[in-house]
Each structure stands twice: as structure tokens, then as C-alpha cells.
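Some notes on the structure that comes next.
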Amino acid sequence: MPRCTLTFQLVYGNLSDIPTIKPWVTYAEWGKTYGDIMHLRIFGQHTVILNSIGVVRDLIERRSHIYSDRPDVPMVNCKMEWDFNGGLMPYGPLWKVHRRLFDRAFKPSASVNYRPIQTRKINDLLHGLLTSPMALKDHYRTVAAAIIMSTVYGYDITPKGDYFVSLAEDAVSKLSESIFPGANVVNAIPFLRFLPVWFPGAGFKRFANETKKLTRQMRDVPFEFVKKGMVDGTASECIVTELLTKFDKPLSDEDVRVIKEVAATSYAAGADTTVSAIGTFFYAMTMFPEVQIKARQEIDAIIGSDRLVTYEDQVSLPYIEAIYREVMRWRPALPLGVARCTLEEDIYNGYYIPKGATVLMNLWAMSHDPRKYKDPELFNPDRYIDSNGNLLPDDDMYAYGFGRRICSGKYMASSTVWLVIASVLSTFKIERKKDKFGKDIPLDDQYTDTLVRSIHLSF
Ligand code: HEM
């Protein structure tokens, strides 16, 4: 096979050409000219962008032995000490240990055990929305954090200014700011990490030093809380107590460290992503009120108004399931997934892909591909429903990624988002804020451009 370098050499040594605002949209646009697979080169670093589901299945799934590594992001791994995070870790023996524990904690049969906690916390959300609807975003941030803190650490957070949540949120927001290609110069020019903090332009080092402290605290403080509770006999049953007490062999210090890291990664990976999906749901409901009306008709017909929706109702509510699928498609929380890296060189359809290349899956492009989704910008749950009102079998879910590093928390995440959608629609009508003349105040599509994107909502 000819070794043609896969080269759409758009940027060579010109960082400012890398889009930092909605790069997924720009990459999808470029894809119309250059195809489903594209290559960028920044200071000699190869980045390959996959714009279609076909290419993703061929490479990320069928050649997963090559495409399951993560790139080294110097700012994050080295300087901010996020290298404990199983989601960012290189593919290898340590990642496999982390992944085994994740899968044990979040596999489908384990995830159903968290439903009572999810239900309780989502009921708290409904209560919050009833008593202070203007604090909408605080309420749904709280529900995502509360579910994870309770399942992982057996800890019930306080709704405002919780210490553990503040630690984790501060550390995670710094992570998100520094991980995007093009968003932080040190990721593109690794040698910068060796400069002293006082070097002109080395402000990133100060940023990293501040963050390091937070990262350590978010990992250690809640874990120590559980350990102390286990000694005192006050710890609630949770993922950490389960892993510490039912490990398949006597625990070494290394095992305890891994359990602590898996717990901290769950918050880092699961909180903002869940918040993003719930925010998208509220946003879509204000933009497409006809969807709310149809959903309420379904809920009224199946559930009535005497009780709240439960997980047992899931199979009887196809339209709610369709809304969930559309939320995940319309505005994926991680539009470029989490970057992969090639473990070996590869040749695909005549393209040469070097070892060590960064690979981005453009989940946004795939879920907005008009060849599969007609009018992709339209929030249209009916695209998953057949003419008899039944759900179509097509439940392709791009938002959780693919292959060996597909999201470990997807079962828990999907059941949280589903129950939020069903519960809110069965109890509330969501409307835009009105101005003093009673007219709707327009809402902009104001999503952040960070790793996990979320909407700024004010109703
Ligand atoms: C709606 C919510 C969520 C979305 C949209 C989401 C999406 C994703 C995506 C796109 C990836 C990268 C997958 C890949 O590389 O192919 C990922 C990885 C991951 N997610 Fe999620 N996620 C969500 C919630 C959660 C939750 C609740 C948890 C845990 C409690 C979690 C744990 C993880 C972990 C540990 C990884 C790294 C997997 C690895 O590298 O082996 N996620 N997620």
C-alpha cells in the first residue's frame, strides 16, 4: 500500500489557525471539503480528526488495539497532577486496573443499585425547582454532584457551597480550561513546561501550581472522610466502602491508592458531563415547547397525575426515551470526545497515520450528519419514533464515545438524565423568562467552548 502522508496541512506552525471557538463545527465544515478524515500539524505534532461514524467504527472500534491510548497533555498530566485520572491515563497495565474497578462499580447490574439514590436526589431537585425556580442552574448542578457524591462516597452534600463539591468543581474547571488543543500553548509546545514560573509568558506554571493543590485535595479529602467513617462505624454503604471491603485480594497501599483515584475520577468525569446534558434538556424545552406538550400528553396518558414517574415506567414512555436520545444527539456534552492517541503507525484507506498522533472523534459532526439526521439542528424526538408510536431500534448513542475507552459511567449517566427529563416534564412547564411587557426574553445558544460544554441558562 502506498505510504501517502495523510495531509490536509492546514496549519503548519500557526497556532492561531486552530479554532478555539466551537472547533467541532469548524472541523465539520472543513470535512465537507477534505473528507471524513483530516490531518492537522501543529509544530510537528500530528492531529487526526474523524468526522464520520464509519471512520470511527473502522478505527476506534475495529482497530482498538491501535487507537485506545490517550495523548500526554503536559499541562494537565505533569503540571496539574491529573495523571491519576483513569480517563486521561495512557493505555497500559495501570489503566486496565482502573478500568476494571470502574466497570465493577458502574456496570449495568451495579448501576441499578444506585436508582434509589438517583430517585431521592431527583425528588430533591423537583422540590428545589418548586421553591426557587430562578435558581434553576444551581439545582441541576446540585443534583449531578449529589448523585455522584452519594453513590461514590456515601456523602450527602449540602445544596449550597458544599466543601467537597467546591474542591472538585474548582479542580475540574481548571482541567477543562487547559485541555483543549489550541486552548493552552503548553499542550502544543511541551518544552515550555520546563520554564521557571518567572519566565515571561510562563503564566501557565502559576496556574498549574495553584491547581495542583486543588487536585490533591479533591482526591484526598472525600476519601479520608469515608475511611474515617469506616473506623467510626458511621460510613454509609457506597462504591468506596464496597471496593475497600470486598476487594478480591488483601489490599496493598497501591490498591488503596487506585480505589481513591477511581473515586475521584468518577466525580471529575461524571459531574460536568451530566450537568451539560441536563442543561441541554432545559434549553431544548424552552426552544421547542411543542415537544413538552407531546411529552406531557404521553405522561398524562400512561402515568396520570397521582404519582411521580419511576424507572419501572421507562419502557412505557417511548417519547420520553426519544427526548433523552435527542438531548444526547443535539448538543453532545463532549463534542470532540476525549482525545485518543495512536499506539502504532497505521494505514487506512491509503492514508498514513503516524504513531503518537492525537486522534479526535468529532461526535458533534457525527450526530449532525444530515445523511443520518434530517435537519440536524432541529430538536426532533420524533426522528426515533415509527408511525405506530413505537421507538425505532436505532439507539446509536455517539455521546458516550466508542471502543475500549467508551464512557464507563454511561449506564448511571443515562438513568440520571432520563429520570430528570421524565420527572421534570411530569411536574413542571418550562418557559422562558418574560420581560416587563410579558414577552419572552430570547435565549442564546450560549454554550461554553471548554472540554465539557455547558449552557449558561437564566430563565
Ligand atoms: C451524560 C453524561 C456523560 C457523558 C455525555 C459522558 C461522555 C463520555 C465520553 C465521550 C467519554 C470518552 C469516551 C471515549 O474516549 O471514547 C467518557 C469517558 C469516561 N466517562 Fe463519561 N460521560 C458521562 C457521564 C459519566 C459518569 C456519570 C461517569 C462516572 C460516574 C463517567 C465516567 C467516565 C470515565 C471513567 C471515562 C474514561 C473512560 C476511559 O478512558 O477508560 N462518565 N465519558
Side-chain angles (χ1 to χ4, degrees), residues 24 50 53 56-57 59-61 64 67-71 82-92 94-107 110-111 114 117-118 121 140 143-153 168 172 179 238-240 258 261-281 324-325 327-341 358-364 366-367 397-421 451-454:
W24 43 89
L50 312 181
I53 182 65
V56 165
R57 292 220 190 280
L59 299 184
I60 304 290
E61 290 187 341
S64 59
Y67 291 89
S68 295
D69 202 9
R70 299 274 189 218
W82 268 100
D83 49 355
F84 74 86
N85 181 323
L88 304 175
M89 210 174 256
Y91 186 78
L94 185 58
W95 170 77
K96 285 186 185 164
V97 175
H98 277 242
R99 183 78 201 199
R100 254 197 307 278
L101 291 189
F102 272 121
D103 289 346
R104 179 167 153 183
F106 295 109
K107 64 187 172 195
S111 296
Y114 312 137
I117 293 177
Q118 288 165 296
K121 299 296 178 189
Y140 68 78
V143 77
I147 289 172
I148 295 183
M149 284 296 184
S150 184
T151 52
V152 175
Y153 297 108
V172 170
I179 206 168
C238 60
I239 290 172
V240 170
V258 171
E261 293 175 349
V262 164
T265 302
S266 307
Y267 188 93
D272 276 2
T273 41
T274 307
V275 168
S276 167
I278 300 175
T280 290
F281 157 67
Y324 162 70
R325 288 185 195 174
V327 162
M328 304 309 286
R329 180 201 71 81
W330 190 56
R331 295 286 184 268
L334 291 140
L336 291 175
V338 179
R340 300 295 184 92
C341 182
T358 296
V359 179
L360 297 175
M361 298 176 273
N362 193 346
L363 305 182
W364 188 90
M366 292 178 234
S367 53
M397 190 59 72
Y398 306 146
Y400 294 108
F402 297 87
R404 293 187 197 180
R405 302 204 70 158
I406 193 170
C407 175
S408 327
K410 67 183 231 170
Y411 301 104
M412 188 167 101
S414 59
S415 57
T416 295
V417 179
W418 182 87
L419 192 60
V420 167
I421 293 173
L451 174 72
V452 180
R453 63 191 313 230
S454 61

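All values reported here derive from a predicted model rather than from experimental measurement. Atoms within each ligand, like the ligands themselves, are counted from 1 in listed order.
Between R405 and R70 the shortest side-chain heavy-atom distance falls below 4.5 Å. Taking 4.5 Å as the limit, every side-chain heavy atom of V417 sits out of range of all side-chain heavy atoms of F281. In this structure, D83 and L88 have side chains that are not in contact, with every pair of non-hydrogen atoms separated by 4.5 Å or more.
Nearest heavy atom pair, residue L334 against residue L363, reads O-CD1, 3.3 Å. P71 approaches A339 most closely through the heavy-atom pair CD-O, 3.3 Å. Taking every heavy atom of both residues into account, S414 and Y324 meet most closely at CB-OH, 2.9 Å. What you find for V275 and Y140 is that their closest heavy atoms are O-CE1, 3.6 Å. For the pair M366 and V56, the tightest heavy-atom approach, listed with the atom from each and the gap, is CE-CG2, 3.2 Å. Counting all heavy atoms, side chain and backbone alike, R99 lies closest to I406 at NH1-O, 2.7 Å.
The backbone N or O of E261 lies less than 3.5 Å from a partner atom in the side chain of T265, making a donor-acceptor pair. For S150 (side chain) and I147 (main-chain N/O), no donor-acceptor pair under 3.5 Å exists by modelled atom type.
Within ligand 1, counting atoms from 1 as listed, the ones closer than 4.0 Å to a heavy atom of F402 are 16 (O). Within the listing of ligand 1, atoms 40 (O) sit less than 4.0 angstrom from a heavy atom of G86. Near M361, meaning under 4.0 Å from any of its heavy atoms, are these atoms of ligand 1: 14 (C), 15 (O), 16 (O).
Nearest protein heavy-atom contact of atom 30 (C) of ligand 1 is F106 CZ, 3.5 Å. Regarding atom 15 (O) of ligand 1, its nearest protein heavy-atom neighbour is R70 NH1, 2.9 Å. Taking atom 5 (C) of ligand 1 as the reference point, the nearest protein heavy-atom neighbour is A399 O, 3.7 Å.
Ligand 1 has an N or O atom lying under 3.5 Å from an N or O atom of R405, backbone or side chain. At least one N/O-N/O distance between R99 and ligand 1 falls below 3.5 Å. At a 3.5 angstrom cut-off on N or O pairs, T265 does not count as close to ligand 1.
At least one heavy atom of W95 sits closer than 4.0 Å to an atom of ligand 1.
Atom CG of residue N362 and atom CG of residue L50 lie 9.0 Å apart, to the nearest 0.5 angstrom.
With atom 11 (C) of ligand 1 as the reference point, the heavy atom nearest to it among V152, L101, V338 is part of V338.
Under 4.0 angstrom from ligand 1, the non-hydrogen atoms of M328 all belong to its side chain. At a heavy-atom distance under 4.0 Å, no atom of R404 approaches ligand 1. Contacts with ligand 1 closer than 4.0 Å are made by side-chain heavy atoms of R340 only, the backbone lying farther away.
Any protein N/O/S atom under 2.8 Å from atom 21 (Fe) of ligand 1 was counted, giving 1 altogether.
Under the ring pair (Phe, Tyr, Trp, His ring centres under 6.0 Å) criterion, Y91 pairs with W95, sequence neighbours left out.
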